Structures are given as C-alpha cells and as structure tokens.
Amino acid sequence: MDKVVPTAAEAVADVPDGASLAVGGFGLSGVPNVLIQALYERGAGGLSVVSNNCGAMESGLAVLLAAGRIARVTGSYIGANKEFARQYLAGELEVELIPQGTLAERLRAGGAGIPAFYTPAGVGTQVAEGGLPWRYDGDGGVALASPPKEVREFDGVEYVLERAIRTDFALVRAAKGDRHGNLVFTKSSRNFNPLAAMAGTVTIAEVEELVEPGEIDPDAVHLPGIFVQRVVALTPEQAADKKIEKRTVSTPAARGTESH
C-alpha cells in the first residue's frame with residue numbers, strides 16, 4: 001500500500017513516446033511542475049495531453065510544448081501562451097478545444113466508468129455540428145476538422161453526446177497526501193487535479209506535504225487513494241516554488257488624503 005516513489009524521475013520512467021496524459025492545474029495553480037520537468041528530462045515525445053491549458057510563462061506544460069514533445073492537446077484555453085497559438089496555427093500541433101465544463105465532466109466520467117453523457121453545452125455550434133479546426137495546414141487552411149456529434153432531444157431540449165476521456169497516465173499536484181495516495185488540494189488547484197487523476201490509468205501525484213496514513217481526516221480527503229498509483233514527496237524548496245501569472249499592486253492613497 002505504500003505508493004511513495006523516491007524521485008520524480010523514477011515515477012515517470014515508464015512513460016513512453018506517444019503516451020496520453022491527463023495533467024492537472026488551472027492557470028499556474030496546482031500544476032505538477034516537478035513531474036513535468038522530470039518527463040522533459042526523460043525525453044518522452046509525441047505526447048497527447050489533456051489539460052485545461054498548456055502552460056504559461058515557460059513553466060508547466062509549456063516546457064514540453066516549447067521542446068516539441070507534444071503532438072496533440074485537448075483543452076479549453078490557449079490564453080497568453082503565444083507558442084501554443086503559433087504551433088496550432090502553423091499546423092505543428094493538433095488541438096481539440098472544448099467547453100471547460102465539458103472537459104471537466106469528460107475527465108470525471110472517464111474515472112467513474114461512464115462511457116459518454118449528454119450535455120446542452122455546444123448545441124447549435126461547431127462543437128456539435130463539426131468543423132472545428134483540429135489541425136491547420138500551415139497556409140491558413142484546415143487540414144483536419146472535428147466530426148459531427150450525436151444530438152438528441154430530451155423533454156424538448158437538445159443535448160450533444162460527449163465521450164468520456166481516459167488516458168494512459170495522469171500527472172497531478174496536491175497540497176497534502178499520504179502513503180496510500182489519499183490527496184487533499186487547495187483552492188483553485190482542486191478544479192482539475194482530482195478529475196485528471198480520475199481519468200488516468202496510472203496516476204502520479206506530487207505532494208507538497210507527505211503524511212502517514214490516518215493523519216488525514218477521511219472527511220477531508222478530496223481524492224481517495226484508489227485513483228492514485230504513485231506518490232512523489234516534494235522538497236520544501238519545490239513545494240514553495242509557485243509562480244504568479246499576473247502580479248497586481250494597489251496604488252497607495254496620496255499622502256494626506258483618506259480613502260472612504
């Protein structure tokens with residue numbers, strides 16, 4: 001039952017070229033940076049990644065993306081990642097953009113053993129009708145487009161059928177975990193990490209704080225250890241290394257004035 005692996009390098013050592021990965025994180029929050037770096041150093045390529053976004057500020061999945069290690073991305077948000085946008089428009093990267101809530105539910109459904117589900121999100125758009133550019137040809141044309149999906153009416157409302165997502169591996173980051181793989185997440189890092197973990201056939205979790213079994217109150221567990229196969233304990237330095245995507249500073253009131 002002890003799922004702790006000594007190093008991140010050992011934890012990802014069997015991730016092959018062409019593997020599919022569900023990766024947790026929301027913006028820069030809860031991104032498994034240590035595991036991603038270990039995967040980069042291992043040299044795995046041709047990866048199919050499922051994640052809300054593909055990294056930013058040269059961190060997270062942006063490390064693999066910039067190195068040309070990612071072949072396909074299933075996600076919701078390109079954001080300010082200019083290299084992501086460049087590779088997509090140049091035809092170097094296949095991208096399936098889907099509604100964020102649909103992505104979350106497709107991951108959860110995969111972990112729950114539900115093969116598909118109906119949702120109203122995307123009805124009447126190319127999400128349902130097909131034609132979304134998955135890959136460009138580099139000259140502005142579409143080399144590969146999304147296929148149409150089944151649409152069915154329930155109680156007078158149309159819904160589109162979405163398939164669940166299962167991946168070969170999942171990489172996630174938790175604030176706390178025990179040796180059995182039970183995990184606790186903090187704030188925004190709870191958005192996609194539990195869902196990505198559920199979708200992976202082999203789930204690897206990097207944890208900021210490793211505790212012994214029984215130290216986490218069962219009512220406080222966000223993801224039970226049944227979904228986690230490997231745990232990597234971060235060093236204090238690794239746990240504290242958290243980047244800020246957009247720093248904002250309030251302007252102090254002018255001297256001698258009061259703010260009401």
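Here the structure is a predicted model, which is why all the values come from computation and not from measurement.
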message = Using side-chain heavy atoms (C-beta onward) and a distance below 4.5 Å, is F26 in contact with Q100?
response = yes

task = Would you mind reporting whether E129 and P148 have side-chain heavy atoms less than 4.5 Å apart?
result = no

task = Would you sort out whether L234 and L210 count as a side-chain contact (heavy atoms from CB on, under 4.5 Å), showing the intermediate values?
result = CA-CA 8 Å; L234 300 182; L210 177 66; over 6 Å; no

message = Applying salt bridge (Lys or Arg N to Asp or Glu O under 4.0 Å) as the test, list every pair that has at least one member in residues 195-204; sequence neighbours left out.
response = none

key: Linked, directly or transitively: V63 and V73 (ILVMFWY side chains, under 4.5 Å)   = yes

Note: D14-R230 ion pair, threshold 4.0 Å (strictly below) = yes

query = Short question: side chain of R135, backbone of G91 - any donor-acceptor pair under 3.5 Å?
reply = yes

inquiry  = Applying side-chain contact (heavy atoms from CB on, under 4.5 Å) to V50 and V23, what does each step give before you reach the verdict?
reply    = CA-CA 6 Å; V50 182; V23 182; over 6 Å; no

ask   = Going hydrophobic residue to hydrophobic residue with side-chain gaps under 4.5 angstrom, can you get from V207 over to V5?
value = no

inquiry  = As an exercise, state the distance from CG of D137 to CG of L144, rounded to the nearest 0.5 Å.
reply    = 11.5 Å

query = Who passes side-chain hydrogen bond (donor to acceptor under 3.5 Å, both in side chains) against E153, sequence neighbours left out?
reply = none

request  = Measure the CD1-CZ distance between I70 and F84 for me, rounded to the nearest 0.5 Å.
outcome  = 8.0 Å

query = Quick one: does I204's side chain get under 4.5 Å of V231's, heavy atoms only?
reply = no

request  = Check whether any side-chain N or O of S51 sits under 3.5 Å from a backbone N or O of C54 as a donor-acceptor pair, and report yes or no.
outcome  = no

task = Could you walk me through whether V172 and L183 pass the side-chain contact (heavy atoms from CB on, under 4.5 Å) test, one step at a time?
result = CA-CA 10 Å; V172 300; L183 303 180; 4.3 Å; yes

note = Correct closest heavy-atom pair for N52 and G27 would be ND2-N, 4.4 Å

ask   = For Y40, does its backbone N or O pair with a side-chain atom of R69 as donor and acceptor, under 3.5 Å?
value = yes

Shared hydrophobic cluster, F185 / I226 (ILVMFWY, side-chain heavy atoms < 4.5 Å) = yes

task = For residues 172-184, pull every pair meeting salt bridge (Lys or Arg N to Asp or Glu O under 4.0 Å), keeping only residues two or more places apart or in separate chains.
result = D2-R179, R173-E206, R173-E208, R179-E212

request  = Consider only side-chain N and O atoms of E162 and Y118, and report whether a donor and an acceptor are under 3.5 Å apart.
outcome  = no

query = Taking only residues two or more places apart in sequence or in another chain, which ones pass salt bridge (Lys or Arg N to Asp or Glu O under 4.0 Å) with D219?
reply = none

key: From CG (L39) to CG (L171), nearest 0.5 Å   = 6.5 Å

ask   = R190: what forms a side-chain hydrogen bond (donor to acceptor under 3.5 Å, both in side chains) with it, not counting sequence neighbours?
value = H222

task = List for me each residue that meets side-chain hydrogen bond (donor to acceptor under 3.5 Å, both in side chains) alongside N33, sequence neighbours excluded, and say none if there are none.
result = none

note = Closest non-hydrogen contact found for A109 with F117 is CB-CD2, 4.1 Å

request  = For N81 and G55, indicate whether the former's side chain and the latter's backbone hold a donor-acceptor pair under 3.5 Å.
outcome  = yes

note = Note: S59 and L28 closest approach over all heavy atoms is OG-CD2, 3.7 Å

query = Once you round to the nearest 0.5 Å, how far does CD1 of I114 lie from CZ of R163?
reply = 13.5 Å

task = Please name the pair of heavy atoms, one in S146 and one in W134, separated by the smallest distance, quoted to 0.1 Å.
result = CB-NE1, 3.3 Å

remark   = For V127, the other hydrophobic cluster members (4.5 Å side-chain criterion, sorted by chain and number) are L132

message = For G45, is there any backbone N or O sitting under 3.5 Å from a side-chain donor or acceptor partner on D17?
response = yes

task = Can you sort out the partners of R166 under salt bridge (Lys or Arg N to Asp or Glu O under 4.0 Å), two or more places apart, ordered by chain and number?
result = none

message = Listing request: all salt bridge (Lys or Arg N to Asp or Glu O under 4.0 Å) pairs with a residue in residues 108-119, at least two apart in sequence or in separate chains.
response = E105-R108

task = Kindly indicate, with the supporting measurements, whether the criterion side-chain contact (heavy atoms from CB on, under 4.5 Å) is fulfilled by F227 and T203.
result = CA-CA 7 Å; F227 291 108; T203 293; 5.5 Å; no

message = A side-chain contact here means heavy atoms from C-beta on lying under 4.5 Å apart; do L223 and V184 qualify?
response = no

task = Return yes if some donor-acceptor pair links the side-chain N/O of T201 with the main-chain N/O of T167 below 3.5 Å, else return no.
result = yes

key: Under 3.5 Å: donor-acceptor pair, side chain of S189, backbone of S29   = no

inquiry  = Within this structure, what is the CE-CD1 distance for the pair M198 and I165, rounded to the nearest 0.5 Å?
reply    = 13.0 Å

inquiry  = Are L21 and F192 connected into the same hydrophobic cluster when the rule is that any two of I, L, V, M, F, W, Y join if their side-chain heavy atoms are below 4.5 Å apart?
reply    = no

CG-OG1 distance between L97 and T74, expressed to the nearest 0.5 angstrom = 9.0 Å

task = Report whether V49 and I78 are members of the same hydrophobic cluster (ILVMFWY, side-chain heavy atoms less than 4.5 Å apart, transitive linking).
result = yes

query = Do side-chain atoms of K3 reach the backbone of G225 as a donor and acceptor pair under 3.5 angstrom?
reply = yes

message = A8: which residues meet the side-chain contact (heavy atoms from CB on, under 4.5 Å) condition with it, sequence neighbours left out?
response = V34, L35, A38, V232

request  = For residues K149 and V160, report the shortest heavy-atom separation together with the two atoms involved.
outcome  = CB-CG2, 3.6 Å

inquiry  = Please give me the minimum heavy-atom distance between V95 and Y88, naming the atom from each residue.
reply    = CG2-CD1, 3.5 Å

task = Write out all pairs satisfying salt bridge (Lys or Arg N to Asp or Glu O under 4.0 Å) with one or both partners inside residues 72-91, taking only residues at least two apart or from two chains.
result = R72-E94, R72-E96, E83-R86, R86-E92

note = Hits for side-chain hydrogen bond (donor to acceptor under 3.5 Å, both in side chains) against S20, two or more places apart or cross-chain, chain-then-number order -> D168

